[in-house]
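Please read the structure below before turning to the comments.
Values reported hereafter were calculated over all heavy atoms of this structure, with side chains retained and with hydrogens, waters and symmetry mates removed. What you see is a predicted model; the values in this text were computed from it and never measured. Letters A, B, ... are given to chains in the order of the sequence lines, protein chains preceding strands, and every chain is numbered from 1.
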There are 2 protein chains.
Amino acid sequence: MSGWKELLTQAGYRVTEPRCAVMQLLLDSGMPLSPQALFESSRTQRQNLGLVTIYRTLELFEVLGLVCRVHLKDGCHGYLPVSPGHHHFVICEHCGGAVEFPGGDDLRMLIADIEAQTGYRVAEHLLQLIGLCPVCQAQRELA
Amino acid sequence: MSGWKELLTQAGYRVTEPRCAVMQLLLDSGMPLSPQALFESSRTQRQNLGLVTIYRTLELFEVLGLVCRVHLKDGCHGYLPVSPGHHHFVICEHCGGAVEFPGGDDLRMLIADIEAQTGYRVAEHLLQLIGLCPVCQAQRELA
DNA sequence: TCCCTTATTGATAGTTTTTTTCAATAAGGA
DNA sequence: TCCTTATTGAAAAAAACTATCAATAAGGGA
Ligand SMILES: [Zn+2]
Ligand SMILES: [Zn+2]
Ligand SMILES: [Zn+2]
Ligand SMILES: [Zn+2]
């Protein structure tokens, strides 16, 4: 994400300090952050964002396609910054580290199959992979 | 789902009236139901389940693989009864109707690709398709 | 650069969702 | 039928999320 400020502006929104802070925290984190986690991070870094602002900012960012909401096992709902377009994530179940990947032809085929089988017209999909990142794999092998 | 009572018993749990009621409501519904929705349904049908019991029952059922938690746009977390094994759902975004589809080889190729690309070891995945069911498609065409 | 309009913020309060607690109840084996 | 103990559900607490509104600040225009 680099041009996100321009995107905000073009969409008629203001580039405010709190919005910058939220985006920065997300970019620095590398793992899905919940609204609460963002709130606490912001306090640690003396930015003191309001929790309400965080909710609103995440919602706006999601609508603009700047962040993506992922579903976690515990508690659900972390947010990750995303590059423009459609995407998915592999999330490490141990450290939370998330890596984005594009949906491939495989998925397209699968969806076509399901449409044929069920008669549904598929408009969107939710796909997340959960596993162990290389670092956590190595760690586990030592134990 | 037919042998779910046996499955409960074999796992050392009791087959109670509230558990039967929750399963029945889920089976009758055909769409994802939230804990709150189950609570209200149960009151309508004079079964008066406690909300806490519903939460606990859903959690147990999920652990036993009898139901599956799906993530909805608004409010998140509906529950659907599932047949044994691995599977996913197509959910109608208009009427909520859900259809299960088996996921055997599923995403094997895709996952293998991602593992190679990212170094992650993928353990599980979350896949949901969202779209329009045949009925709702027809309805939309008339409008 | 300064001002003015108005989008945005955040404190407070309110609502919804989920979890904890614990005495009363009932499932199911003896 | 009785007894043990898993299970229930009312009530209360905690967590997650939303609504309100006066004060603030972004950024366009003078
Ligand atoms: Zn969710
Ligand atoms: Zn990891
Ligand atoms: Zn439908
Ligand atoms: Zn699958």
So, [X] side chain and [Y] main chain: donor-acceptor pair closer than 3.5 Å or not?
X        : Y        : value
B/Glu115 : B/Val122 : yes
B/Thr9   : B/Lys5   : yes
B/Ser42  : B/Phe39  : yes

Would you list the protein and nucleotides 10-13 of chain D atom pairs, both N or O, that sit under 3.5 Å from each other?
none

Given atom [atom1] of [X] and atom [atom2] of [N], what is their separation to the nearest angstrom?
X       : N      : atom1 : atom2 : answer
B/Lys5  : C/dA27 : NZ    : C1'   : 13 Å
A/Leu60 : C/dT9  : CG    : C1'   : 14 Å
A/Arg19 : D/dA25 : CZ    : P     : 15 Å
A/Glu59 : D/dA19 : CD    : C1'   : 13 Å
A/Phe61 : C/dT8  : CZ    : C1'   : 13 Å
A/Gln47 : C/dG10 : CD    : C1'   : 15 Å
A/Ile54 : D/dC17 : CD1   : P     : 12 Å
A/His77 : C/dT18 : NE2   : C1'   : 14 Å

Take a 6.0 Å sphere around [atom1] of [X] and say whether it holds more than 12 heavy atoms from other residues, nucleotides or ligands.
X        : atom1 : value
A/Tyr13  : OH    : no
B/Glu59  : CD    : no
A/Arg121 : CZ    : no

Original post:
Which residue, B/Glu17 or A/Pro18, contacts DNA chain C at a nucleotide closer to its 5' end, judged by nearest heavy atom?
Top reply: A/Pro18
Original post:
Run the ring-ring contact (aromatic ring centres under 6.0 Å, His included) check on A/His88 and B/His125 step by step: do they pass?
Top reply: CA-CA 11 Å; A/His88 307 285; B/His125 57 266; over 10 Å; no
Close N/O contacts between protein and nucleotides 28-30 of chain C (under 3.5 Å):
unit_1	atom_1	unit_2	atom_2	d
C/dG28	OP1	B/Val15	N	2.7

**OP:** To the nearest 0.5 Å, tell me how far A/Leu127 CG sits from A/Leu107 CG.
**Re:** 6.0 Å
Original post:
side-chain contact (heavy atoms from CB on, under 4.5 Å) between B/Cys68 and B/Tyr79: does it pass, once the steps are laid out?
Top reply: CA-CA 6 Å; B/Cys68 179; B/Tyr79 291 82; over 6 Å; no
Original post:
Which listed nucleotide (D/dG9, C/dT9, C/dT17) is nearest to the side chain of B/Thr53?
Top reply: D/dG9
